[in-house]
Every structure is written in structure tokens, then in C-alpha cells.
There are 2 protein chains.
Amino acid sequence: MGRGKIEIKKIENTTNRQVTFSKRRAGLFKKARELSILCAADVAVIVFNSTGRLFDFASSSMKRILERYRSACGGHDWNNEHEQMLCQFRNLRKENEDLHREIRYVMGEDADSLSPKQLDYLEGNLEIAAKKVRERKTEVLKYERRKTESKVNGLEQKCILLKQWLATAENLEEYDQTPPPTFRVQPSQPNLQSAGY
Amino acid sequence: MGRGKIEIKKIENTTNRQVTFSKRRAGLFKKARELSILCAADVAVIVFNSTGRLFDFASSSMKRILERYRSACGGHDWNNEHEQMLCQFRNLRKENEDLHREIRYVMGEDADSLSPKQLDYLEGNLEIAAKKVRERKTEVLKYERRKTESKVNGLEQKCILLKQWLATAENLEEYDQTPPPTFRVQPSQPNLQSAGY
DNA sequence: CACGCTATGTATAAACT
DNA sequence: TAGTTTATACATAGCGT
């Protein structure tokens with residue numbers, strides 16, 4: 001339809017492409033409009049040209065047509081999804097506030113607003129908690145003591161060995177040939193000095 | 001473009017409308033396709049016929065075109081908004097978990113995993129809390145006692161008045177003409193019996 | 001680049017099958 | 001109701017301004 005038939009493939013000449021785009025876009029929108037009127041159809045056309053500019057046509061409200069499209073075919077119903085998430089969000093936030101309050105409560109910072117009964121209950125809970133903590137502390141301290149003791153024992157053993165070696169060495173006067181018994185403290189870092197830096 | 005010119009207005013004959021719809025829809029989609037190819041454009045066409053059936057054409061991915069449309073013009077960028085909300089949601093949930101943990105912590109329920117230092121700190125906090133609670137309890141109890149005392153005082157006063165009245169009444173022997181001094185306990189419920197039920 | 005023109009190819013209304 | 005045909009209206013490629 002024009003002076004000559006054209007092949008349907010990308011028009012490489014930019015100016016030509018722009019012109020054709022304008023003409024055909026107008027034609028497309030006109031056809032869309034006619035279809036919507038003649039056949040009582042709801043029509044939406046969205047076009048981005050090669051430079052990314054947007055052109056659109058809608059026989060009624062674009063928003064409504066797109067909503068309808070979304071609910072009709074596949075895609076997410078974002079509005080609904082958004083609502084649901086907002087709901088969950090609010091719940092979570094409320095739970096959060098409650099937790100903050102509870103922490104204030106158990107730390108006795110809201111004591112002024114509590115009834116005697118609640119105060120008793122809270123006091124009981126705090127005592128239970130403190131007892132747990134004390135018990136655990138005792139346990140930990142005991143464990144630490146045991147660890148220290150065994151360390152001391154180990155060191156004592158090493159001292160004894162060292163003394164024995166010294167005695168032997170003095171007797172034989174062979175300091176440089178009998179190595180001391182091996183024991184060492186585990187280095188917490190690689191020994192850089194002996195690595196040649 | 002046909003045997004006769006037609007006016008652009010709704011085709012009332014249903015069959016005719018259907019036929020025209022099919023033909024023109026095909027034509028519209030063809031034009032859309034040609035435009036997209038010739039001019040390297042991104043084209044989407046959405047059509048609902050008069051019975052609500054959906055037909056669509058997209059030169060690339062309909063989803064992508066609609067996203068692009070949404071971000072280019074007006075409406076929400078739901079994807080982005082969704083991402084952001086999801087992010088906030090995750091933060092809130094994390095905070096929530098932390099709060100749960102903290103409650104367990106201050107109630108001494110995680111004592112087993114704490115260092116001696118932490119245990120000391122926690123013990124100190126629990127003592128502070130317990131002290132607050134005890135102080136408040138003391139205050140409340142004192143207040144209650146004062147309230148009870150004043151109530152007792154009030155009752156004693158009333159007793160004295162009553163005795164005085166009795167003494168007077170006996171002296172004058174006019175029980176039925178001198179009313180007793182007015183005082184009453186506030187009823188916590190309306191007195192149903194005297195209301196005639 | 002934004003028009004207007006016009007020869008020509010297309011789309012399609014109506015008729016037919 | 002669906003495909004085919006055909007006469008016609010319409011859209012538009014190439015060109016000029």
C-alpha cells in the first residue's frame with residue numbers, strides 16, 4: 001500500500017523509519033479506535049518507538065483495561081497482593097510493639113502501671129530467671145576452676161621434667177647435646193620472625 | 001474499505017459484529033506486528049470483545065512491555081514497590097526474632113550459652129528489675145494499707161454516729177420520726193430487687 | 001523534521017458458498 | 001457458522017516542499 005510494496009523487515013534508514021513509524025502508529029490507533037466502536041470492544045495499544053518513547057491508546061481507561069488483563073490472564077493481582085502483604089506487615093509491627101512492651105515489662109520498667117497480682121507474678125519470674133543465671137554462673141565458674149587446675153597441674157609436671165633435665169645436664173656436662181624435653185605453648189599466631197621476613 | 005462505506009458506530013447485528021470483530025482484530029494485530037518489525041518498536045495490543053473474551057498481541061513479552069509501561073507512565077512500579085516492602089518485611093521479621101531471643105535472654109532461658117561476663121551483666125539487670133518491682137510492690141502495699149485505714153476510720157466514725165443516734169432515739173422514744181443519719185455503701189450494681197422485677 | 005500528495009498495495013463489507 | 005470472493009474504501013511508501 002504505497003508507491004511500492006515493501007518487505008516487512010526493519011527499516012534501516014532512520015529518518016524513513018521515523019516517518020513510517022508516525023504514519024503507521026496513527027493508522028494502528030485509528031484501527032484500534034474503530035474496532036472498539038464498531039464491535040463494542042475494549043482495546044488498549046501500547047507502543048514504544050525505537051528511541052524508547054511511549055505512545056498509547058485506550059478505548060476506555062488504560063488502568064481499568066490493564067487491571068482486567070491482569071485478572072483475566074496469568075499475572076499477579078498486585079493490588080490484592082499488596083493488600084495482603086500490608087496486612088501481614090501490620091501484624092508483624094504490632095507483634096513487634098508487643099515484644100518491646102514485654103521486654104520493658106520483664107525488666108520492671110513499667111512496674112508503676114501493674115497491679116499487685118502482676119507485680120507478684122513478675123517478681124516470681126524474675127527470681128526464677130535470676131536463679132537460672134546464678135546456677136549457670138556457678139557451673140561456669142566451677143568449670144573454669146577445673147580448667148585452671150588442670151593447667152596448673154600440667155605446668156607443675158613440666159617444671160618437674162625441666163628440673164630433672166637440668167639436673168641430668170649438670171651431672172653430665174653435656175648442655176649442647178641433650179635436648180630439653182619437648183613441650184611448647186601453642187603459638188596463637190604463626191611465628192613470623194622464624195619465617196624469614 | 002469494502003463493498004460499501006460504513007459509519008463508525010456500534011454494529012447492532014450480533015453476527016455481523018462478530019464477523020467484523022474477527023476480521024478487524026486480525027487486521028489490527030497484523031498492523032501491530034508490522035509496525036514493531038518495520039520500526040523496531042515494542043508493541044502490545046489488548047482486546048476484550050463484547051462478550052468479555054480476551055485477545056492480545058505483544059511484539060516481545062507482554063509482561064515486560066506492561067512493566068515498562070507502568071514505570072514509564074503514571075502508575076506504581078509494583079515490582080519495585082514489592083521489593084522494597086519485602087525488604088522492610090524481612091527487617092521487621094529479623095527484629096522480631098531478635099526480640100524473641102532477647103526475651104529468652106533476659107528470662108535466663110539461654111543462660112547455658114552465655115559467657116561469665118554476660119551472666120554477670122544479666123544478673124545485675126535482673127537484680128535491678130527485681131528491685132524496681134519490689135519497690136513498686138512496697139509502694140502499692142503502703143497505698144492499699146492507707147486506703148484500708150481510711151476506710152476503717154470512716155466506718156468507725158459511722159459507728160459512733162449510729163450509736164449516738166441510737167442513744168438519742170432511746171431517750172426520746174421517737175424511733176419512727178427521727179431518721180437515722182444518712183450514710184450508705186455505694187452499690188456496685190443497680191438494686192434490681194427494688195426496681196420491680 | 002512535519003506536512004501534503006498520489007499511485008498503489010491492503011483491508012475488509014458484503015455477497016456468495 | 002466458517003471460508004472464499006470481489007468490489008471498494010482505506011492506508012501508506014515514496015516523493016516533493
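Small disclaimer: the values here were computed from a predicted structure and weren't measured. A, B, ... follow the sequence lines: proteins, then strands. Residue 1 opens every chain.
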Specify the separation, in whole Å, of atom CD of A/Glu7 and atom P of D/dT12. 18 Å

How many Å lie between CE on A/Met1 and P on C/dA11, as a whole number? 5 Å

Could you check how far CZ of A/Phe21 sits from C1' of D/dA11, rounded to whole Å? 16 Å

Does B/Lys23 reach a base, just sugar-phosphate, or nothing at all? Heavy atoms under 4.0 Å. base

Whole-Å distance separating the CZ atom of B/Phe29 from the C1' atom of C/dA11: 16 Å

Please report the distance, rounded to the nearest Å, between NZ in A/Lys31 and C1' in C/dT12. 7 Å

Are any of the side-chain nitrogens in A/Lys137 or B/Asp120 under 4.0 Å away from the carboxylate oxygens of its partner? yes

By nearest nucleotide on DNA chain D, pick out whichever of B/Leu38 and B/Gly2 is the more 5' one. B/Gly2

Whole-Å distance separating the CD atom of B/Glu34 from the P atom of C/dT10: 8 Å

Can you tell which of D/dA11, D/dA13, C/dA13 lies closest to the side chain of A/Thr20? D/dA13

Atom NZ of B/Lys5 and atom P of C/dA14: how far apart are they, to the nearest Å? 13 Å

Carboxylate-amine/guanidinium contact B/Glu135 B/Lys132, below 4.0 Å: no

Looking at A/Arg93 and A/Glu97, does any basic side-chain N land under 4.0 Å from a carboxylate oxygen? no

Whether A/Glu67 and A/Arg64 form a salt bridge (side-chain N of Lys/Arg under 4.0 Å from carboxylate O of Asp/Glu) is what I want to check. no

I need the CZ-C1' distance between A/Arg17 and D/dA13, as an integer number of Å. 16 Å

Starting from the 5' end of DNA chain C, give me the residue, A/Arg3 or B/Asn16, whose nearest nucleotide shows up first. A/Arg3

Choose from C/dA13, D/dC10, D/dA13 the nucleotide whose nearest atom is closest to any side-chain atom of A/Lys30. D/dC10

